[in-house]
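The next block holds one structure in the form of structure tokens; read it before the comments.
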Number of protein chains: 4
Amino acid sequence: MTETDSTAGRRPGRPRSEEAHDAILSAAIALIREVGYDAVTMEAIAARAGVGKATLYRRWKEKETLVIEALGRILHAIPVPDTGSARGDLLGLMRVAVGMYGDPASHVLLSGLVAAMARSPAIAHAMRTGFDARWRAAMRQVLERGTARGELRAELDVELATDVVSGPFFYRYLMSGGPVDEPSARALVEVALRAFGAPAGTSDR
Amino acid sequence: MTETDSTAGRRPGRPRSEEAHDAILSAAIALIREVGYDAVTMEAIAARAGVGKATLYRRWKEKETLVIEALGRILHAIPVPDTGSARGDLLGLMRVAVGMYGDPASHVLLSGLVAAMARSPAIAHAMRTGFDARWRAAMRQVLERGTARGELRAELDVELATDVVSGPFFYRYLMSGGPVDEPSARALVEVALRAFGAPAGTSDR
Amino acid sequence: MTETDSTAGRRPGRPRSEEAHDAILSAAIALIREVGYDAVTMEAIAARAGVGKATLYRRWKEKETLVIEALGRILHAIPVPDTGSARGDLLGLMRVAVGMYGDPASHVLLSGLVAAMARSPAIAHAMRTGFDARWRAAMRQVLERGTARGELRAELDVELATDVVSGPFFYRYLMSGGPVDEPSARALVEVALRAFGAPAGTSDR
Amino acid sequence: MTETDSTAGRRPGRPRSEEAHDAILSAAIALIREVGYDAVTMEAIAARAGVGKATLYRRWKEKETLVIEALGRILHAIPVPDTGSARGDLLGLMRVAVGMYGDPASHVLLSGLVAAMARSPAIAHAMRTGFDARWRAAMRQVLERGTARGELRAELDVELATDVVSGPFFYRYLMSGGPVDEPSARALVEVALRAFGAPAGTSDR
DNA sequence: TCCTAAGCGAGACGGTACGTCCAGTCTTCGT
DNA sequence: ACGAAGACTGGACGTACCGTCTCGCTTAGGA
């Protein structure tokens, strides 16, 4: 996520300090928890990390890219459920979603990042590859397993199915204020199965 | 949307100037178009409107509520299509959505407002009643017409169906970057019909 | 002027590069001419010289000492006039002064160094021995020649006479903005002769 | 010294706070005394005065003009001695000079301002009218009284005489490090009398 | 016709954060 | 142990807005 992915031949001069890097990301996370995402300032992060502001700007151009990298540290990989049925797998995944949306810090954080994505292609890219891609990969795996098992239609559009299942929560969470909970998760799974389930006579239902 | 809707009980003192009100809203809209939503500042709006800053703060507490009112001026009511079929009506509505998302100013604007909603309940309320409610009402009308015609299931959960159809575009637009266009609209309508259409043997198809 | 004047006693390790030394001093002079004395930074000098900042600090503690050494390179020795009369000699010397003050870079340069002298005894010492001493020596020579010739009083206080002649230009140049030119030089010489000339009946005029 | 000399018709908007003005100047003076002239920063002045930085920059573009105005507050008018003789008057004035140079804060302060004069015509102007002019006016008065009394030459060049008397101290103080004291003052007065005194046969001596 | 109250534009107020710059030091590599 | 390169902490810079606060002036209704 940093601009130097190394592997390239050593650059001259003093190398960037990993300690500083860690201190900054930790400070960022701590501050987000304490004062909330958009009260966090580069100034405060630097101070908390015991680091000059220039050191921040040398590595991240905006607060958001920094935050995204920081979140990468505490974000676990998304566990892909394997319950034996598409219904179970999808439900498992939706429960993960419910859990993520449930964190009280999430709202300001997510919406702040969404706003930042609209301003900066770099941030958009970081968010899409850093977060969304993980989620979509998990969904893809579940869906493909479902088609392989014959529970879901063979001609299934994975992207569409992913959005149909994921979009409603995202929309409720950020806009309409509708429920993002276990019952809703169940309902959405049933919708998905009706829309993308294999026609009768095959294994589902 | 302003706090004083009173024509009742005349208050003492000089009344608020409608000219100033108009000038401010016009300035806000113009600035959003010119420099983008989040580069707009109260300072600039006041200057552009030829108005003191206090005049702004007397009427709106935050930039967002001002903007929401300003948008109310240029936002048309959502036309509820009546094509004779649920498929046609839904598709008509989705085309409206495609059109709204298509405005190049929309991205920063919408995401900025979404972020503001997370910070301020007042803004959230304004957005939900000012924008989202219009959309949901249109959806409700279309969906109820569908059930009345027997095309859609009688036990349909209108809120759920609305979110299943609307959520994916919202999600693609603000997060994943997926397509928000006519073909996608068609695909989503088909998904909705499969998920919420009346069981075979009834009037749909 | 540098702390290592040693050609004596070979030290271990890589010897200091004379090329670097030259490059630095040249860069310093060039930058002073281009952007003016106090816009010059150690950073810029190092960059221009193609040298690490540490290399500068290894040799000079402050910008000023570096500059003083750099100036030593381009500063000619002060030519002591020998016209045969105290009046002529003094006038010759004052013309040198007029010439030095005439260089457009001199003002910021001199005043900057004067300010630095007040901060740092080291700089003060460098300036006094590097510049002022040369001037005073020239004055002394001229004055002593004058007393030897009987043109000037025998009991003359050389320091006082030097300051009476030199001070007014310095004062005008840095503070009052009065003229520093040939006529003023002439006037000052006449003052000096009246004040320090031998009493009537002796050799002066 | 501020850009608004009033008398002009009232400007619109909230007037500038005199309290803030005073607080700033006091803070500046206090800081100069405490940490020395060139360690004083706009930041520190603002903090000490309990004032926003913008309030400083709204009134003074550079630290130096602020300082000059601040000094104006504590600088007494120069008392013009009237002892009955040119010798006494000049000596009185020189004693004032010795006193001013004697203040331990003066060196960094004066040299800093001299450097600032070279950078900025505004500062140069402020210094010349604010400080130097007072001194020169006092000198002029003394000198003219001397000529009126017949002690000094009628054709006396006041500017030249002023610089001959004042320059040496200025030069010693900022450059050569020579003595600036009572004996030197006496010596300079004698020089002035020899150079500018009326020829023998008139009242002096 | 005045009085009171709230509006108005203008702009200064105390603050906070911005992103940049430089000082002076430190750490890496290669010579 | 030198060299360059470029990282480091620290702190001031000058700017931009924030939301609040005076100013003097205007515009109404009620006394």
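Note that the structure is a prediction, hence the values are computed from the model and not measured.
Contact of the C:Glu43 side chain with the C:Lys53 side chain is registered, since non-hydrogen atoms from C-beta on lie closer than 4.5 Å.
Straight-line distance from the CZ atom of D:Arg16 to the P atom of E:dC13: 7 Å, rounded to whole Å. Counting to the nearest Å, the C1' atom of E:dG11 and the CZ atom of D:Arg59 are 12 Å from each other. Atom CZ in B:Arg58 sits about 12 Å away from atom C1' in F:dC21, given to the nearest Å. Note: CH2 (D:Trp60) to P (F:dT15) measures 16 Å, nearest angstrom. Nucleotide E:dT20 holds its C1' atom 11 Å from the NZ atom of A:Lys61, rounded to whole Å. As rounded to whole Å, 12 Å separates atom P of F:dG3 from atom CD of C:Glu18. Rounded to a whole Å, the CG atom of A:Leu56 is 16 Å from the P atom of F:dG11. Distance, A:Ile24 CD1 to F:dA7 P: 13 Å, rounded to whole Å.
Contact annotation: A:Arg14 does not reach the phosphate of E:dC29 (side-chain N/O to OP1 or OP2, under 4.0 Å).
Surrounding CD of D:Glu34 are more than 12 heavy atoms belonging to other residues, nucleotides or ligands, all under 6.0 Å away.
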Pull out every protein N or O sitting under 3.5 Å from an N or O of nucleotides 16-18 of chain E, one pair per line with the distance.
from: E:dC18; atom 1: OP1; to: A:Met42; atom 2: N; distance (Å): 3.1
from: E:dC18; atom 1: OP2; to: A:Met42; atom 2: N; distance (Å): 3.2
from: E:dC18; atom 1: OP2; to: A:Glu43; atom 2: N; distance (Å): 2.8

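Among the protein residues, A:Thr55 comes within range of the nucleic acid bases, having at least one heavy atom under 4.0 Å from a base atom.
The two atoms that bring D:Thr65 and D:Trp60 nearest to each other are OG1-CB, 3.7 Å, heavy atoms only.
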Extract all donor-acceptor atom pairs below 3.5 Å that involve side chains of residues 24-33 of chain C and protein atoms in other chains or at least two apart in sequence.
from: C:Ser26; atom 1: OG; to: C:Asp22; atom 2: O; distance (Å): 2.9

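Remark: C:Glu62 does not engage C:Arg119 in a salt bridge, criterion side-chain N to carboxylate O under 4.0 Å.
Side-chain contact annotation: A:Arg16 with A:His21, donor-acceptor N/O pair under 3.5 Å absent.
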